[in-house]
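Just so we're on the same page: letters track the sequence lines, and every chain starts at 1.
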Amino acid sequence: MCCTAASSGAIGSPAMSRAGGTSVTHVVAERNQPKDVWIWLKKVSAKCGLEVLPEVLDISWLTDCMESGCRLPVEDRHRLKDESEEEVCTKSPSIPIYACQRKTPVNHLNHHFTCALEALAEGAEFSESDGRALAFRRAASVLKSLPFRVAKIEQLRGVPCLGKHSIRIIQELLDLGACKEVEQIRSNEMNKVMKVFMSVWGVGLKTATRWYRDGLRSLSEVRASPSVKLTRMQQAGFEYYRDLARPVSHVEADTITAAIRALLPNSFITITGGFRRGKDAGHDVDLLLTHPDEGGEVGLLSKLLEHLNEQGSVMFQDYRDNTYKETNAAGFNESKSTMDRFERCFTILRLPLSPRVTSHKDDKVTGRQEVNEAVTSHYTTNLRKKIPEPGERAVRVDFVVCPYSQYAFALLGWTGSQQFERDLRRYASHEKAMILSSHHLFDKQQVRVLTISHTLH
DNA sequence: GCCCAAAGTCA
DNA sequence: TGACTT
DNA sequence: GGGC
Ligand SMILES: Cc1cn([C@H]2C[C@H](O)[C@@H](COP(=O)(O)OP(=O)(O)OP(=O)(O)O)O2)c(=O)[nH]c1=O
Ligand SMILES: [Mg+2]
């Protein structure tokens with residue numbers, strides 16, 4: 001609730017009186033976040049062209065006035081403080097240093113600054129300065145959590161992860177609208193080329209650096225170079241380069257999720273990653289699969305991929321050839337046959353997913369060899385038909401399977417953001433003497449694994 | 001001066 | 001096992 | 001690079 005006390009010039013402050021006519025002298029708020037009131041007020045005052053900001057007061061001023069029966073002078077204790085001014089440090093509890101302890105909106109208010117800091121982080125990554133890169137990523141991360149647009153450097157007093165260097169960058173952006181150091185890094189030839197190389201799925205820092213060192217400067221040069229050996233993933237990265245560079249909409253993500261649910265009607269399918277955080281576009285779709293029967297998740301991914309392959313929907317799968325893993329598993333991969341309990345798989349799928357959804361869910365347990373051969377031959381025939389038809393597109397879809405008992409850890413581990421996950425694990429390790437993964441929590445002192453007993457709504 | 005998240009899969 | 005991915 |  002929020003109400004304004006408007007008074008005429010006669011009882012307003014002298015300054016307001018001179019403005020003449022009716023003007024707002026007091027704003028009284030109840031049960032509002034002070035910052036919300038101030039944000040609202042600034043919006044309103046901009047629109048109405050208020051020359052002098054009115055007093056912004058707690059409801060206590062009004063009740064005091066009513067008790068005494070007349071308008072009391074404002075005391076400081078009545079005032080709602082504008083946190084966005086400079087109080088971030090002192091009044092309000094200080095901002096925590098771990099990203100996992102901060103609320104961060106999906107659409108934040110400081111893109112200009114975070115983009116600059118992330119450019120510096122990227123530059124540091126290209127020169128393998130991991131520590132500096134991380135520092136700039138943390139700096140960007142903390143700015144994303146601020147509930148106000150940074151307009152003055154004083155607003156950042158007491159904000160963690162912003163040291164001399166980051167502050168200098170922000171200051172320069174505030175003063176000049178651009179920052180020399182950032183622009184230098186952005187225009188640096190090697191950085192630009194590295195960025196392009198690493199935009200290919202499957203190409204990381206080492207490969208990009210090698211290509212650059214070998215004199216390559218563009219993707220066409222890489223493609224044309226006979227000495228360049230590509231992994232399967234990189235081949236796919238080149239093949240579908242343009243489609244994979246297009247953002248995935250949340251509508252597409254939901255459609256894919258629904259199609260996967262239809263293929264596995266007895267499993268639980270959860271969309272994770274950026275879409276779970278409320279983003280409306282992403283670079284891929286992240287899906288977490290589990291099964292309510294403990295152990296029911298075993299072989300789930302193989303089963304799903306069989307279905308998708310039958311549909312001809314799989315353009316790429318980063319998946320151990322079923323033949324190798326499953327048939328040879330018996331003696332060789334004893335530790336890995338239990339690993340069948342927690343799998344992940346990166347795919348490129350053809351959209352729209354084929355709508356013929358015949359979920360024949362009884363597995364052909366006999367003749368595993370034959371089944372696998374069938375799968376691989378399907379797979380290769382579909383690979384031959386690589387080019388998406390008009391109206392189709394390639395989309396990256398990541399699948400993660402976990403046992404029901406680990407669902408909570410998997411969900412926590414795959415929802416992100418990346419910085420959130422890193423800081424959550426650093427927090428576990430540094431503050432709680434524990435090791436967190438997307439499988440479980442490990443107590444370093446008691447030397448034991450912690451699990452969660454739960455039910456999945 | 002030390003630390004910086006953790007883990008699965010491939011070639 | 002290093003490189004790449006999440 | 002920034003926190004401790
Ligand atoms: C890249 C990355 C992701 N993750 C986790 C958190 C991510 O939210 C989740 C999914 O990874 P991503 O799909 O790479 O990230 P995202 O979904 O948040 O962003 P985008 O919209 O670009 O797809 O996996 C890590 O734990 N470490 C990492 O290095
Ligand atoms: Mg994602």
NA contact type, A:L205, heavy-atom cut-off 4.0 Å: base, sugar-phosphate, or nothing? sugar-phosphate

- request: For A:G131, report the nucleic acid contact type (base, sugar-phosphate, nothing); a contact means any heavy atom under 4.0 Å.
  value: base

Against the six-membered ring of A:F399, is A:R344 placed for a cation-pi contact (under 6.0 Å from the centre, within 45° of the normal)?
no

From CD of A:Q419 across to C1' of B:dA6 the rounded distance in Å is 14 Å

Could you work out the separation of C:dT5 and B:dA5 based on their C1' atoms and round it to a whole Å?
14 Å

Compare side-chain N and O positions of A:W201 against OP1 and OP2 of C:dA3 and report whether any pair is under 4.0 Å apart. no

Does this structure show an ion pair linking A:E128 with A:K206, if we count only N-O contacts that are shorter than 4.0 Å? yes

Side-chain contact check for A:D318: nearest option of B:dA7, C:dT6, B:dT9 is B:dT9

Shortest non-hydrogen pair, A:P403 vs A:E294, comes out as CB-OE2, 3.4 Å

Here the residues of residues 160-188 of chain A within 4.0 Å heavy-atom distance, strictly under, of DNA chain D are A:P160, A:C161, A:L162, A:G163, A:K164, A:H165, A:S166

To the nearest angstrom, the CZ-C1' distance between A:R422 and B:dC4 comes to 7 Å

query: Is a side-chain N or O of A:S437 found less than 3.5 angstrom from the main chain of A:H439, in a donor-acceptor match?
result: yes

In whole angstroms, the gap separating C1' of B:dA11 from NZ of A:K206 amounts to 17 Å

A:E431 CD to B:dC3 P, in whole Å, measures 16 Å

inquiry  = Strictly below 4.0 Å: does A:R425 bring a side-chain N or O up to OP1 or OP2 of B:dA5?
reply    = no

Next on the checklist: Just by distance, no angles: are the side chains of A:T104 and A:R277 close enough, under 3.5 Å, to form a donor-acceptor pair?
Outcome noted: no

Stems for DNA chain C (at least 3 consecutive Watson-Crick or G-U pairs, under 3.5 Å) come to B:6-11 with C:1-6

- Ignoring backbone atoms, establish whether A:H430 has a side-chain N or O less than 4.0 Å from OP1 or OP2 of D:dC4. no

Whole-Å distance, A:M233 CE to B:dG8 P, equals 15 Å

- Keeping the roles fixed (side chain from A:N188, backbone from A:Q184), state whether a donor-acceptor pair exists under 3.5 Å. no

For a salt bridge (charged side-chain N to carboxylate O under 4.0 Å, His left out) check, start with the C-alpha distance between A:K303 and A:E306, then their side-chain angles and the critical distance, and finish with the verdict. CA-CA 5 Å; A:K303 187 176 148 186; A:E306 272 183 43; over 6 Å; no

### Query
Is A:D286 touching bases, backbone alone, or none of the nucleic acid, heavy atoms closer than 4.0 Å?
sugar-phosphate

Under 4.0 Å between a side-chain N or O of A:R396 and OP1 or OP2 of C:dT5? no

Separation of C:dT6 atom P from A:F316 atom CZ, nearest Å, is 11 Å

| query | Between A:F346 and A:W201, what is the ring plane arrangement, given parallel below 30°, perpendicular above 60°, and tilted in between? | reply | perpendicular

**Message:** Do the side chains of A:E183 and A:K180 get close enough for a salt bridge, i.e. N-O under 4.0 angstrom?
**Reply:** no

When rounded to whole Å, the OH to P distance for the pair A:Y427 and B:dA6 reads 15 Å

A:L134 atom CG is separated from D:dG2 atom C1', nearest whole Å, by 9 Å

| task | Give one of base, sugar-phosphate or nothing for A:I97, where a contact means two heavy atoms less than 4.0 Å apart. | result | sugar-phosphate

message: Test your reading of the model: is there a side-chain donor-acceptor pair from A:E239 to the backbone of A:G237, 3.5 Å cut-off?
response: no

Mind checking A:H440 for me? I need base, sugar-phosphate or nothing, with any heavy atom below 4.0 Å counting as a touch.
nothing

